[in-house]
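I have placed the structure first, in the form of structure tokens, so that the comments after it can refer back to it.
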Amino acid sequence: MHRYDYIIVGSGLAGLYASYRASLYGKVALITKTTVRESNSYYAQGGIAAVTDEEDRPAFHFDDTVTAGRGLCDYNAVDILVNEGPHRIVDLVRDGMKFDMLGDSFALGLEGGHHMRRILHAGGDVTGMKITNFMIEKVLADKNIILFENHTVLSIIQETGKCYGVRTWNSETDSEEIFMGNYTFLASGGASAIFKRTTNPHTTTGDGIALAYEADCKIADMEFVQFHPTALYTETDKTFLISEAVRGEGAQLLNLKGERFMPAIHELAELAPRDVVARSIFRQILQQDEPYVYLSLKHIDPERIKSRFPNIFEKCRQLGIDMTDKIPVAPAAHYMVGGVRSDVNGRTNIENLYVCGELASTGIMGANRLASNSLLECLVFGYRAVEDTREISTGKSSNEVITDLKPIYRKDPSKEEMFRNLKVKVSNLMNDNAGIIRNEKLLSEGLEILEKEKEALGNDKEEYYTLLSYNLITVAELIIKPAIYRKESRGGHYREDYPHEENSFIKHIIQQKGRPIGAIPVDDK
């Protein structure tokens, strides 16, 4: 059994930054499912949206965010994001983080949904890798932080509505390890790898969501899954993200007839909000023989492309694609807009259990995330969550409570194939039944299939692979149930049988274990 002041689960930017901040106040255990560099943050190509230009204003960033969020953004949370974000950028730069510069100023990019150039980049199209590596160096050099790689969190330890730590499985020793702490942070990322076609690492299947749900946390807005419009198309389904910033630099979407189709659909054309672009591409695909469209760059200076997007250019070159001409692209599941409901300080409804990053649902994203707000959210709300722990009293520490815990989990290797097969089944089902364009029939059929798969698992949740299988089905159901409940189309949730927005659904849909699905109002004041 390990004892720390802070237990932080997840090594994306939210987990790394929260660990770095928490190390100022105590001993930190940073727990990650695989390695410290396997995260959505690490692979993020876009950048960080923050107001740093004197021509820009937080109020402009606020307007772009709530416009993309389609009526479901909580205004107080967005206000905090856009006003505190620039301060977190200043902190990073002061600590030594280097962003791309144009002379003495930041080289700011433009992305979909933004009306101003406010996207900071590092290394062109490898911002996530640069900032994550920067934070990893800080974390590894900090004696107050101990990194535990290859530890899968299996359950949250709680008693009478208060969190005391987590149970994990150490895949190197094949044994359970228990971590007790005064504060536990879940920052384990999203769930988009539950879909067949995704931009996410294969590990991003929403384990943290399932953990929080089983611990009685409130889960919000799970019907909203953002499909990135332009993921590289290959016949093997192995995809690679073509950053929004490529369209920000002027790339155009063409159907297989060579026709540009976005200007007739939205005033921002290729830079329309992601849900609009993804659906538009999907509809083009339905009208043609091949499951992709082209992203054309042939009208852009080739040297500009190579210098601005060196990583994407090289990846395309390796696959025999000339990025300076055109790239075959199709939408792929990219970002989980909903998550574990929290307040603006990262608090969940379980005492001493915090969430931050993509896992959290603070109300910032609404029905559709504005491009490049996600990395900023990690910084702003990771910072606020740690500072909040300084304001509250924990009462009895974990050292004084639940002292007689024993390991309860085990692993049956013969069940591994069952889990892997189920993962394929669920990913196909999510693509087919809960994808970009949905309807009641497909969603209901998907839910029925999931229920049958769950019945087939049995009840042995103390076996490793069976528990992971339950988690997969739980996350899939948490996406499908509110998608059935929300009988409208809004943001990342599109119902062809209810194609319009309805004012009666301006609310956050909430799910909590053992309770009927419900809703809470949007904070739009």
Is any side-chain N of the basic residue among Asp460 and Arg410 closer than 4.0 Å to the acidic one's carboxylate O? yes

How many angstroms lie between atom CZ of Arg274 and atom OG1 of Thr230, to the nearest 0.5 angstrom? 8.0 Å

Quick one: do the Asp275 and Asn368 side chains pair a donor with an acceptor below 3.5 Å? yes

Under 3.5 Å, is there a donor-acceptor pair linking the side chains of Asp142 and Ser23? yes

Verify whether one side chain among Asn373 and Thr65 offers a donor that lies under 3.5 Å from an acceptor in the other. yes

Any donor-acceptor pair under 3.5 Å linking the side-chain atoms of Tyr383 with those of Asp91? no

Please list all pairs meeting ring pair (Phe, Tyr, Trp, His ring centres under 6.0 Å) that have one or both residues in residues 445-475, counting only residues at least two apart or in different chains. Trp169-Tyr464

Using the ring of Phe505 (Phe, Tyr or Trp, six-membered ring only), decide whether Lys507 places NZ or CZ under 6.0 Å from its centre and within 45 degrees of its axis. yes

Would Glu463 and Lys415 pass as an ion pair if we require N to O under 4.0 Å? no

Spacing of CD1 belonging to Ile7 relative to CE belonging to Met180, to within rounding of 0.5 Å: 7.5 Å

Does any N or O in the side chain of Arg515 come within less than 3.5 Å of the main-chain N or O of Lys513, such that one atom is a donor and the other an acceptor? yes

What one should report as the nearest heavy-atom pair of Val340 and Ala212 is CG2-CB, 3.5 Å

Can you list everything that forms a side-chain contact (heavy atoms from CB on, under 4.5 Å) with Ala434? Sequence neighbours excluded, please. Met430, Arg438, Leu443, Ile480

Answer yes or no: is there an ion pair linking Arg384 with Glu387, defined by an N-O contact shorter than 4.0 Å? no

Arg341 with Asp74: basic N within carboxylate O range, under 4.0 Å: yes

Applied to residues 352-382, the ring pair (Phe, Tyr, Trp, His ring centres under 6.0 Å) test, sequence neighbours excluded, yields Phe185-Tyr354

When you compare the side chains of Asn428 and Asp432, does any donor N or O come within less than 3.5 Å of an acceptor on the partner? no

Hits for ring pair (Phe, Tyr, Trp, His ring centres under 6.0 Å) against Phe195, two or more places apart or cross-chain, chain-then-number order -> Phe227

Does a donor on one side chain sit under 3.5 Å from an acceptor on the other, for His334 and Ser192? no

Classify the angle between the aromatic ring planes of Phe148 and His151 as parallel (below 30°), tilted (30 to 60°) or perpendicular (above 60°). perpendicular

About how many Å separate CG of Asn170 and CG of Asn150, when rounded to the nearest 0.5 Å? 7.5 Å

Show me the pairs that pass salt bridge (charged side-chain N to carboxylate O under 4.0 Å, His left out) and involve residues 360-381, at least two apart or across chains. none

In short, ring pair (Phe, Tyr, Trp, His ring centres under 6.0 Å) pairs touching residues 429-451 with sequence neighbours left out are none

